[in-house]
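The next block holds one structure in the form of structure tokens; read it before the comments.
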Amino acid sequence: MTSVLCYPESVMTSDTHHNLKSSLGGLEVETILGSRSSLAGNQKRRRRLFDKRGNNRATFRNLSRFVYVRDLFHTVIDIKWRYLIAIYIFTYILTWTFFGTLWWLLMFLRGDFEHLVGSTRAYEDGYVPCVNNAFSWEGCFLFSLETQTTIGYGLRVISEECGPGYFILNCQFIVAKFLEACVLCTVLAKVGRSKMRSATLRFSQSACIETTHDGQLCFTFRVADLRANTNLAGVNIRVYCIPTPTLDRDITHRATDFNIIEMDYEMDKGLDRLFLPTPLLVKHVINSFSPLYQVSETSLGSMDNFEIVVILEGSVVETGKTEQFRTSYVPEEILWGYSFVPCGYIDLSGRFTVDYSKFEKFEIVDIGSASAAERDEFTRL
């Protein structure tokens, strides 16, 4: 009977594969996976160029920070929410304070405070100040706050005797509208970016090496759009193999060019454009043009010199925005001799049902341990 195993973000080696295939109990399998993942994960986690969420982990050095200042809009979108909120709070308080000081300075230069009656909060009879009921800097600050937030004037209001105040009032209205536009634009752009939509688009945490119907080895992973009624439109996938350098402990810095190799792929339905109403298997046939052509089960377990990056692009129908989603697979996340368990079935009522508890489950398949190159050589003989 074929055993079905589940691997959540596990680290796999050839030794682990051997133990798994010889194991008969699911509990023993989970124990092996836990011990192997904690050991290998600490050693190789830093070797990734992209993490599982698709974030670029490369560090940029000797780069002027003015580059990001020139592209201020995208810089603001990329910063964390707490920093963005802090920037806007500081900006609003700064503008309220600045214009409040301008109103106070205008009243001071105009001599309004000289017409206060003693220490009372009142002006001399018949005197019209620039701002009614503003007797100090605090009153001017509150007037500035009321003006910029457009909550409506109460006791404090500009008078008709304050000609220069009309210019300050118009300037403050323009600044207020500009800040509101910036807040609305950046918040909407930040909420609607791909990072938020990626929460409902799922890649399998592990990939596998299996065989196609005609016996060819293939690299396979699974992808699904979790939204049932608002699927991405015009979806296409690109798969790249990025060779990574071998770390030398005696060399602190090593100049390396990353030669990106594009991998041809085919879907299990043979479509050039993906349609994701249900989870879909994406397959790359390993032939003589594939970067995995020389990879066997034995060599895969000891490899750490490449990373397979998956880029999915599609349009959100409601907004028309093109979104990009990424993930990557390193050798210890590629399972040799396993195949994805189908996660869709027809229930008793005749409705097609997707069971996402099987999304990360695999079943053992017998494909041998030879690489595609060795299989082709054996065929020719």
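As a basis for the values below, the full set of heavy atoms in this structure was taken, side chains included, without hydrogen atoms, waters or symmetry mates.
Separation of atoms NZ (Lys190) and CG (Asp78) is listed at 7.0 Å; rounding is to 0.5 Å. How far CD1 of Ile79 is from CD1 of Ile85: 10.0 Å, rounded to the nearest 0.5 Å.
Checked by atom type, the side-chain pair Asn132/Tyr123 shows no donor-acceptor distance below 3.5 Å. Trp336 and Ser369 form no side-chain donor-acceptor contact under 3.5 Å, judged by distance and modelled atom types alone.
Aromatic ring orientation, Phe141 versus Trp96: perpendicular (interplanar angle above 60°, classes split at 30° and 60°).
Within a 6.0 Å radius of CG in Asp347, more than 12 heavy atoms belonging to other residues, nucleotides or ligands are found. Heavy atoms of other residues, nucleotides or ligands lying less than 6.0 angstrom from CZ of Phe108 number 12 at most.
With sequence neighbours left out, Phe340 forms a ring pair (Phe, Tyr, Trp, His ring centres under 6.0 Å) with Phe362.
Ion pair Arg238/Glu313 flagged as a salt bridge, since at least one NZ, NE, NH1 or NH2 atom sits closer than 4.0 Å to an Asp/Glu carboxylate oxygen.
Between the side chain of Ser204 and the main chain of Ala207, no donor-acceptor pair closer than 3.5 Å is present.
Through direct or relayed side-chain contacts under 4.5 Å between Ile, Leu, Val, Met, Phe, Trp and Tyr, Leu348 connects to no other residue. Chaining together hydrophobic side chains whose heavy atoms lie under 4.5 Å apart places Phe359 alongside Leu226, Ile346, Phe352, Val354, Tyr356.
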